[in-house]
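We count ligands from 1, going down the list as the structure has it; atoms in each ligand are counted the same way. Any value given below was found using the heavy atoms of this structure, including those in side chains, with hydrogens, waters and symmetry copies removed. Nothing here was measured: the structure is a model prediction, and the numbers come from that model.
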Amino acid sequence: MVYDAFPIWIRFAHFINIIFITLLIRSGLEILSALPKLYWHDHCIPGTEWIKFTRKKMPKDKLWISLDEEESFSPLIALPGHKNLGLGRHWHFFSIVFWIANGAIYYILLFTSDEWQRLVPTAWSIIPQALHDTMLYASFHFPSVGHPYNAIQQLTYFVVVFLLGPFMIATGSAMSPAIDARFPWYPRIFRGRQTARSLHFLGMVAFVLFIIIHLTMVTAERFSDNMGNIVFGRVTSFGIAAGLFALFVIAVLIVNIWATRVSLRTPRQVQNSLDKVLVLAKWILFRKAVSKQQLPRSKVSLFFRVNGYPPESKEYKQLLESNFAGWRLKVYGLVEKSLELSLSDLYALKKQEQVTEHYCIQGWTAIAGWAGVPMQYILLLCKPREEARYVVFRSYQYTNMDEFYEVLDLEVVKHPQTILAYEMNGEPLDIGHGAPLRLRVETQLGYKMVKWLKSIEFVNDYKNIGKGQGGHREDHMYYSPRAEI
Ligand SMILES: Nc1nc2c(c(=O)[nH]1)N[C@H]1C(S)=C(S)[C@@H](COP(=O)(O)O)O[C@H]1N2
Ligand SMILES: [Mo]
């Protein structure tokens, strides 16, 4: 094939890709800042990380929680920076939708035209040629102009477009609690969820290195030709090339600065706008995903982080002193029959056990055995009415002066592994992990699993509860009301 100019769609897809890859890298760093430690195993035992980006030391003599481990990264590298995991994740997932759509269109056009031939090597001789070219570069010489790329260039583009891109999607998906709960074999391909997280990080490093080298080469080697081809599809003069390069840089800066500013200034609007896309996408993809986890007891973690400090109230302390004798779980709202259940009432119902992996939104995981009453039984007892669409779980714990609560979609509450747990690893729940009762929802991130449970209310809408976002973490930390990724 004779290599003509790049068609307009390639040049356009390249530009769109630049925008979203920068948003993805910066929001990815924000997500990393929430647990700036990487592990090769799913127990995430403190001190066993293979790399960390924090100097903080957790106290040995008193309770610390996972939120204490968060670092504040600068908005210069992270989107939006300053400890905003909620919005970092919104940007990451929002950008993924467009990055993947752009990539998919690019792939389709590539293979329905001849353009794939630029990228896909067709002979093994590319390997020795690529080595040869690399040696030339290493001695500060340029290989002769390729057709259209030289061997190392073609090989690098091939690896980035066809291997690194899909690798990031594959390792990224392996971090979703819903995907992994529904298909427990999937994260095992990467030897577990934390290995997927570490590999996803290394893939990001590879992308950054590629971008640096790519920019260096494009500017160092036939700069005017390259810039002209990338933008117009034909060679141009040095002056215009320099102008085009500057325009690229400015476009990337404008988008990134704008995204950072609106996030820091009007976080609620950004949360709600991006969630318009994301909540719908998650509802379509995950509403029916049911957890199929049943890990062997031998997999249970020796250490399980606590998140959220236990309740300080007198009310809770009194209940604790009486060993929860006076504790009652209130079930009310849009139900045929309101309930007030004591712990012995709950013990009398059929006990279900499950050994599952917990995924905290911050990034750590841990495995434990839980036992308690499936919500399905509670539903049989209280009989939710037709209008009930959501279920509000309230806690005895307060933070930021507000009661901790979380809202779940009724469909998710009906899943067989959604349980009210009173035991962890064969022992009654301890205070840190939510005594006397906590929720387990095995397709969701940890923040949905309310500890120190007080009541359960069935509602039609949650707009008038708390700040109306669907939970305490949604209200205060801009998390999303659906927690499947
Ligand atoms: N009441 C209450 N429940 C809560 C929290 C909290 O802060 N308060 N933290 C949530 C988060 S973010 C996680 S990851 C899990 C942690 O459960 P664990 O402390 O048993 O590990 O509890 C969830 N339930
Ligand atoms: Mo969490």
Could you list which atoms of ligand 1 come closer than 4.0 Å to a heavy atom of [X]?
X	result
Arg473	7 (O), 9 (N), 12 (S)
Cys360	14 (S)
Gly308	6 (C), 7 (O)
Phe304	21 (O)
Arg305	18 (P), 19 (O), 21 (O)
Trp452	1 (N), 2 (C), 8 (N)
Tyr447	10 (C), 11 (C), 12 (S)
Met449	4 (C), 22 (O), 23 (C), 24 (N)

Handout entry: Within 45° cone of Trp185 ring axis and under 6.0 Å: Arg188 NZ or CZ
Key =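 No.
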Problem - Within 45° cone and under 6.0 Å: Arg197 NZ/CZ vs Trp364 ring - result: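 That pair does not qualify as a cation-pi contact.
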Among all protein heavy atoms, pick out the one at the shortest distance from [atom]; state its residue, atom name and that distance to 0.1 Å.
atom	result
atom 3 (N) of ligand 1	Lys451 N, 3.0 Å
atom 6 (C) of ligand 1	Phe404 CE1, 3.4 Å
atom 8 (N) of ligand 1	Gln397 OE1, 2.6 Å
atom 17 (O) of ligand 1	Arg438 NH2, 3.1 Å
atom 23 (C) of ligand 1	Gly446 O, 3.2 Å
atom 14 (S) of ligand 1	His358 NE2, 3.2 Å

[X]-[Y] aromatic ring centre distance below 6.0 Å:
X	Y	value
Phe304	His358	yes
Tyr157	His214	yes
Phe167	Phe207	no
Tyr347	Tyr422	yes
Phe15	Phe248	yes
Tyr405	Phe393	no

Practice task
May I ask you to check if ligand 1 and Asn307 share an N or O to N or O distance below 3.5 Å?
Solution key: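 For ligand 1, there is an N or O atom that lies under 3.5 Å from one belonging to Asn307.
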Exercise for the section: May I ask you to check whether Ser395 has an N/O atom sitting below 3.5 Å from an N/O atom of ligand 1? Expected result: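 Such a contact does occur with ligand 1.
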Handout entry: Glu71/Lys83 salt bridge by N-O under 4.0 Å criterion
Key =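 Between Glu71 and Lys83 there is no salt bridge, as every charged N stays at least 4.0 Å from the carboxylate O atoms.
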Practice task
Decide whether the shortest distance between a heavy atom of Trp364 and an atom of ligand 1 is less than 4.0 Å.
Solution key: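 It does, in that a heavy atom of Trp364 comes within the 4.0 Å cut-off of ligand 1.
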Exercise for the section: Kindly determine whether Glu474 and Glu406 satisfy side chain to side chain contact (heavy atoms under 4.5 Å, CB included), including the steps that lead there. Expected result: CA-CA 9 Å; Glu474 291 84 337; Glu406 286 292 334; 2.9 Å; yes
Problem - Glu336 CD: over 12 foreign heavy atoms closer than 6.0 Å - result: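 Enclosed.
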